[in-house]
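Just below is one structure, and these are the notes that go with it.
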Amino acid sequence: MYPRIVVNTEKFKENLKFMINECHKRGVSVMGVSKVFCGDENLVQMMEDEGVDFIADSRISNLAKTDTYVPKVLLRLPMISEAEDVVMYSHISLNSELETIKELNNKAKNLDTVHNIILMIDLGDLREGIFEENEILSTVEEILKLKNIKLYGIGTNLTCYGGVIPSKETLEKLINYKNKIENKFKITLDIITGGNSSNIPLMMENEMPKGINNLRLGEILVLGRETAFGNFLDSMHDDVFTLYAEVIEVKIKPSVPVGDIGMNAFGKVPSFNDKGDIVRAILAIGQQDVDYRELVSEEGIDLIGSSSDHIIADVTKYEGKIKVGNVIKFKLTYASILSLFTSQYVGIYYE
Ligand SMILES: *Cc1c(COP(=O)(O)O)cnc(C)c1O
């Protein structure tokens, strides 16, 4: 079936082996993040086989179908309305709202279990987490009163909304909070989770403060790309995933539409550069599956637009010959892997 994603399992395993080892030798445990491939069970299995310490996902529905012996972590703050599922299908969830934590406590009590939480602290990136020190301490105090909740640790998330790059100084604030909480309440926090793939440059330079003992890693594992500066690591693979799409029309046509220009398929008025006649190929994949601007094509294949179910390529400069029925391959980015896995029209194959 086309379109299809082909996963090179050897390359994925090599990425996992390399990065898990880099983390473990520095005393950092790894949450393998499965959301970019929608919790695909074969890929989760490889993460488990290569030694991730946790499986983490932002959607509880992905964790619900995940069968693994390592603890499961819900990354996105729970919705109050899904509290019961969160307790049932994850061992640990990241939280910042006392109201939600209380509801998790209620559900955990009903289910006769204890749910672990990691309290998220906002160090300035301004997505999730508690920002004010007083609120952090008062929230901890309230959490400790809840019998069916265990405060498993604290964490932070950077380079997601605000683009804040993890630095030694920023992460030391997290260690300070850990020390304050442990001293004030006479407790031990098991886990201090310092961030995501954007922490990798700091960690590889051995500049990540001691005490950060966990990272939650997605992009670095699937693409070998750290997300602070966007660099690819030489010792990792950036082509674990390849997309193959089939050509359904090839014709020489003008580069500019003929007639008065109104709205396109998405209600926008398009504009065009006149390059004269070009060789246009249509691929049987569209906006519903992926944003064409996130596909990395071979030399000479220039993606110029899409509608819901079609991507149009200018293949005038392509050296080889493209015929109807041919299959064209693309390297992928984080965003395109995410949306292709989400599309039910895309097949997933393993080699
Ligand atoms: C997605 C996510 C991660 C993983 O991010 P990558 O950049 O893919 O490593 C980590 N933490 C949280 C809270 C997330 O939502």
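For the single chain, residues carry numbers from 1 onward in sequence order. What you see is a predicted model, and the numbers here were worked out from it, not measured in a lab. When a ligand or atom number is given, it counts from 1 through the structure's own listing order. Side chains included, hydrogens not; waters and symmetry mates left out as well; all remaining heavy atoms used.
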Problem set entry | Sub-4.5 Å side-chain heavy-atom contact between Leu94 and Arg216 | yes
For this session: Would you please determine whether Ile220 falls within less than 4.0 Å of ligand 1 on a heavy-atom basis?
Result: no
Exercise. Under a 4.0 Å heavy-atom limit, does Arg76 contact ligand 1 with its side chain, its backbone, both, or neither?
Worked result: neither
Problem set entry | Lys180/Glu133 salt bridge by N-O under 4.0 Å criterion | yes
Seminar exercise, completed: Closest to atom 15 (O) of ligand 1 among protein heavy atoms sits Lys35 NZ, 2.7 Å
Exercise. For atom 5 (O) of ligand 1, what's the nearest protein heavy atom and its distance?
Worked result: Asn196 CB, 3.3 Å
Problem set entry | Polar contact flag for Ser58 and ligand 1 (N/O pairs, less than 3.5 Å) | no
Exercise. For ligand 1, is there an atom lying under 4.0 Å from some heavy atom of Glu226?
Worked result: no
Exercise. Which ligand 1 atoms, with their elements, are less than 4.0 angstrom from a heavy-atom of Arg127?
Worked result: 13 (C), 14 (C), 15 (O)
Exercise. Can you list the ligand 1 atoms lying under 4.0 Å from a non-hydrogen atom of Glu128?
Worked result: 13 (C)
For this session: Considering only non-hydrogen protein atoms, determine which one is nearest to atom 8 (O) of ligand 1 and report residue, atom name and distance to 0.1 Å.
Result: Glu219 N, 2.8 Å
For this session: Step through the shown structure and confirm whether more than 12 heavy atoms of other residues, nucleotides or ligands are within 6.0 Å of CG on Asp112.
Result: no
Exercise. Are Asp190 and Lys150 close enough for a salt bridge, meaning some N to O gap below 4.0 Å?
Worked result: yes
Exercise. So which heavy atom in the protein is nearest atom 11 (N) of ligand 1, and how far is it from that ligand atom?
Worked result: Arg216 NE, 2.8 Å
Problem set entry | Residue portion contacting ligand 1 (non-hydrogen atoms closer than 4.0 Å) for Leu217 | backbone
Exercise. Does Met120 have a non-hydrogen atom less than 4.0 Å from ligand 1?
Worked result: no
Exercise. Does Arg127 pair with Asp125 as a salt bridge, N-O distance under 4.0 Å?
Worked result: no
Exercise. At under 4.0 Å between heavy atoms, which part of Ser197 makes contact with ligand 1: side chain, backbone, both or neither?
Worked result: both
Problem set entry | Met208 side chain reached by Val28 side chain, heavy atoms, under 4.5 Å | yes
For this session: Take atom OH of Tyr161 as the centre, draw a 6.0 Å sphere, and report whether it contains more than 12 heavy atoms from other residues, nucleotides or ligands.
Result: no
Exercise. Considering only heavy atoms from C-beta outward, does the side chain of Ile304 approach that of Ile278 to under 4.5 Å?
Worked result: yes
Exercise. Does NZ or CZ of Arg4 lie under 6.0 Å from the centre of the six-membered ring of Tyr244, at an angle within 45° of the ring axis?
Worked result: no
Exercise. Can Arg26 and Glu22 be counted as an ion pair, charged N to O under 4.0 angstrom?
Worked result: yes
Problem set entry | Part of Met31 with heavy atoms under 4.0 Å of ligand 1, whether side chain, backbone, both or neither | neither
For this session: Please determine if Leu75 has a nitrogen or oxygen closer than 3.5 Å to a nitrogen or oxygen of ligand 1.
Result: no
